[in-house]
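Have a look at the structure below, then the notes.
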Amino acid sequence: KNLVLNAIKTLTTILFPLISLPYATRVLGKGGLGDVTYAESIVSYFALFAALGIVAYGTRELAKKRQDAQQANQLISELMLINVVTALIAYAALAVFIQLPSFNTYAALLWVQSSIILCNALGAEWYFTATENYLYITVRAVIFQVLALIMLFCFVKTEQDVIFYAAVNVFATAGSGIINFFYLCRHVQFQPLKSLHLKQHIKPILIIFSTNLASTIYLNLDTVMLGYMINTQEVGLYTVAVRIVRAISMLFACISTVILPRVTYYLGQGQKDKFDALIYKTLNFILLLAIPSGLGLISISEPLVTWFGGSGFTQAYRIVSVLAFSVIFSALNRVFAWQILVPYNREKEVFYSTAAGAVVNFVLNLFFISRWGAVGAAATTVISEFVVFLMCTFQCRNVISYRVVYRYLWQYLLVAALAVPIAGKVVQSLAVSAFAGMVVQIVICVLLYGGGLLLLKNPLMKECVSLQKT
């Protein structure tokens with residue numbers, strides 16, 4: 001039930017860029033979209049500092065203590081106070097940063113997008129994840145995404161409406177944070193300041209923050225460096241590609257988000273057998289979906305980019321083709337790091353892995369971006385994800401059995417490697433439009449892939465089919 005609800009919420013989050021991005025690229029052009037994304041990537045660092053490691057830490061700790069109301073209220077009060085303080089510090093730092101000549105021209109965009117900093121602190125989304133209140137999360141997300149779409153079509157109509165587009169982009173997040181705060185005021189008994197003990201949380205929060213910082217560096221630094229080393233038009237091309245690929249990656253993120261409180265609870269209760277069973281099934285399910293997703297994305301990259309961005313963004317298909325490989329590695333990394341190592345209180349290992357990826361990303365970007373532009377930035381992202389994958393694989397070696405994890409990997413690789421090109425050849429023989437051909441290719445690929453796995457008697461695919469029948 002929780003997975004289905006979170007999948008619905010994730011799908012609405014994916015549908016928003018699917019609908020809004022094609023519209024925005026045509027109205028704002030590469031320059032306007034690049035400006036918004038450039039400012040967004042800068043704000044992300046201040047938002048990251050404000051959040052510290054509270055999201056992952058709060059989810060984990062509250063999942064352990066949610067059965068005890070007093071302990072839960074104490075924890076929530078302490079973490080929210082820390083978060084509000086860091087948010088105010090982040091705003092002060094942003095105010096100083098905006099005075100720099102290179103960034104002063106983006107001041108309005110930066111202030112608009114920074115609204116998420118305080119709203120995230122007050123909203124405490126981690127509370128709803130830890131308590132597995134996915135019905136509330138899903139309903140709220142759908143409502144705000146629909147409202148954001150309506151605002152987009154009402155207020156973003158010309159190239160000059162860049163500020164309005166930035167406001168629409170943060171509306172769902174900021175609005176959700178405000179609604180969350182009123183919900184928390186009704187359901188949580190906040191403790192008096194004198195009874196709060198903040199020091200105990202600082203060290204684990206800072207370790208997770210260091211991990212998040214390293215992760216954000218290799219996910220967002222390429223955008224900042226592209227804007228600084230090339231221009232914001234190149235950022236615009238890169239943005240279209242990144243948003244397409246991240247829309248796919250978000251499907252796997254929803255799986256990880258749902259299981260974190262559950263695996264933490266199992267470990268807290270000493271139920272290692274249930275922990276192992278859930279982790280193995282999750283990793284197997286991710287491999288089943290991520291491999292054909294990555295290969296399929298390469299196959300349909302050109303018509304997909306043209307549909308998303310229009311003819312002015314056609315060159316971005318090369319970027320999508322490169323980034324497609326990151327879908328597989330990022331999906332596995334998320335489970336290794338946040339669903340295996342973090343529940344075991346091994347945040348340091350996650351930090352080392354992510355930091356290695358960040359260093360590789362920065363160093364390679366210096367050379368790759370200057371030579372290949374956005375395609376080079378995409379390549380460094382894939383290489384960085386692979387480095388994190390190798391590190392996490394090493395760190396998890398004493399927790400899980402890779403023989404179990406990769407038992408059916410050969411099936412997914414074999415069937416996907418056959419299904420994707422066959423579907424492409426079939427579409428090439430049809431006299432249909434590019435968009436229709438893309439849809440037909442996806443349908444054929446899904447049928448061939450699912451059918452191939454059933455022929456090989458893949459247990460997870462058989463289980464999926466049996467669930468559909470019931």
Side-chain angles (χ1 to χ4, degrees), residues 8-44 46-47 91 94 98 105-123 125 136-183 223 227 232-233 235-247 250 304-313 316 435:
I8 294 171
K9 178 237 179 186
T10 303
L11 284 173
T12 61
T13 306
I14 292 172
L15 285 173
F16 179 73
L18 284 176
I19 299 171
S20 66
L21 189 58
Y23 178 79
T25 54
R26 288 161 175 81
V27 173
L28 302 177
K30 287 183 284 189
L33 184 64
D35 288 344
V36 173
T37 307
Y38 185 51
E40 183 181 7
S41 64
I42 293 171
V43 169
S44 69
F46 293 92
Y91 273 114
L94 180 61
I98 287 177
T105 54
Y106 298 97
L109 282 173
L110 291 169
W111 282 123
V112 168
Q113 294 181 326
S114 71
S115 61
I116 64 171
I117 295 175
L118 184 59
C119 292
N120 281 342
L122 296 175
E125 185 75 6
Y136 166 83
I137 294 174
T138 303
V139 172
R140 185 210 61 206
V142 171
I143 291 173
F144 274 100
Q145 293 291 359
V146 171
L147 290 174
L149 274 178
I150 294 172
M151 292 173 63
L152 174 70
F153 296 124
C154 288
F155 299 113
V156 182
K157 296 183 177 180
T158 70
E159 289 185 2
Q160 285 69 47
D161 294 332
V162 173
I163 297 295
F164 290 123
Y165 178 65
V168 168
N169 272 352
V170 300
F171 171 75
T173 301
S176 296
I178 294 170
I179 295 297
N180 284 0
F181 180 68
F182 287 113
Y183 183 100
T223 301
T232 54
Q233 288 198 342
V235 173
L237 285 174
Y238 191 67
T239 298
V240 170
V242 167
R243 290 192 179 179
I244 289 172
V245 174
R246 286 186 182 173
M250 284 175 67
L304 186 60
V305 165
T306 303
W307 176 62
F308 256 97
S311 57
F313 290 81
F435 178 76

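Values below: every heavy atom of this structure, side chains too, minus hydrogens, waters and symmetry copies. All figures in this text were calculated on a predicted structure; none of them were measured in a lab.
By the 30° and 60° cut-offs, the orientation of the rings of Tyr23 relative to Phe153 is perpendicular. Ring geometry for Tyr91 versus Trp111: interplanar angle under 30°, hence parallel rather than tilted (30 to 60°).
In this structure, CD in Glu40 is found 12.5 Å from CG in Asp35, a value given to the nearest 0.5 Å. Distance CD1/Ile244 to CG/Leu304: 4.5 Å, rounded to 0.5 Å. One distance of note links CD of Glu125 with SG of Cys119; it measures 12.5 Å at 0.5 Å rounding. Note: Phe313 CZ to Arg26 CZ = 9.0 Å, rounded to the nearest 0.5 Å. Note that the OG1 atom of Thr138 and the CD1 atom of Ile143 stand 11.0 Å from one another [nearest 0.5 Å]. Rounding to the nearest 0.5 Å places CZ of Phe171 at 14.5 Å from CD1 of Ile116.
Shown here for Gly123 and Asn180, the closest heavy-atom pair between the two residues is O-CB, 3.1 Å. Here the closest non-hydrogen pair linking Gly236 and Leu33 is O-CD2, 4.1 Å. The shortest non-hydrogen separation linking Leu94 to Ser114 is CD2-CB, 3.5 Å.
The shortest distance between side-chain heavy atoms of Gln113 and Val36 falls below 4.5 Å. The closest side-chain heavy-atom distance from Val27 to Tyr165 is not below 4.5 Å. Residues Ile179 and Tyr136 have side chains in contact (heavy-atom distance under 4.5 Å, counting atoms from C-beta outward).
In this structure, Thr173 contributes its side chain and Val170 its backbone to no donor-acceptor pair below 3.5 Å. Formation of a donor-acceptor pair under 3.5 Å by the Asp161 side chain with backbone atoms of Thr158 is found in this model.
For Leu122, the side-chain contact (heavy atoms from CB on, under 4.5 Å) partners are Val84, Leu118, Phe181, not counting sequence neighbours.
Among Thr239, Val242, Val240, Ile42, the one residue that satisfies the side chain to side chain contact (heavy atoms under 4.5 Å, CB included) test with Thr37 is Thr239.
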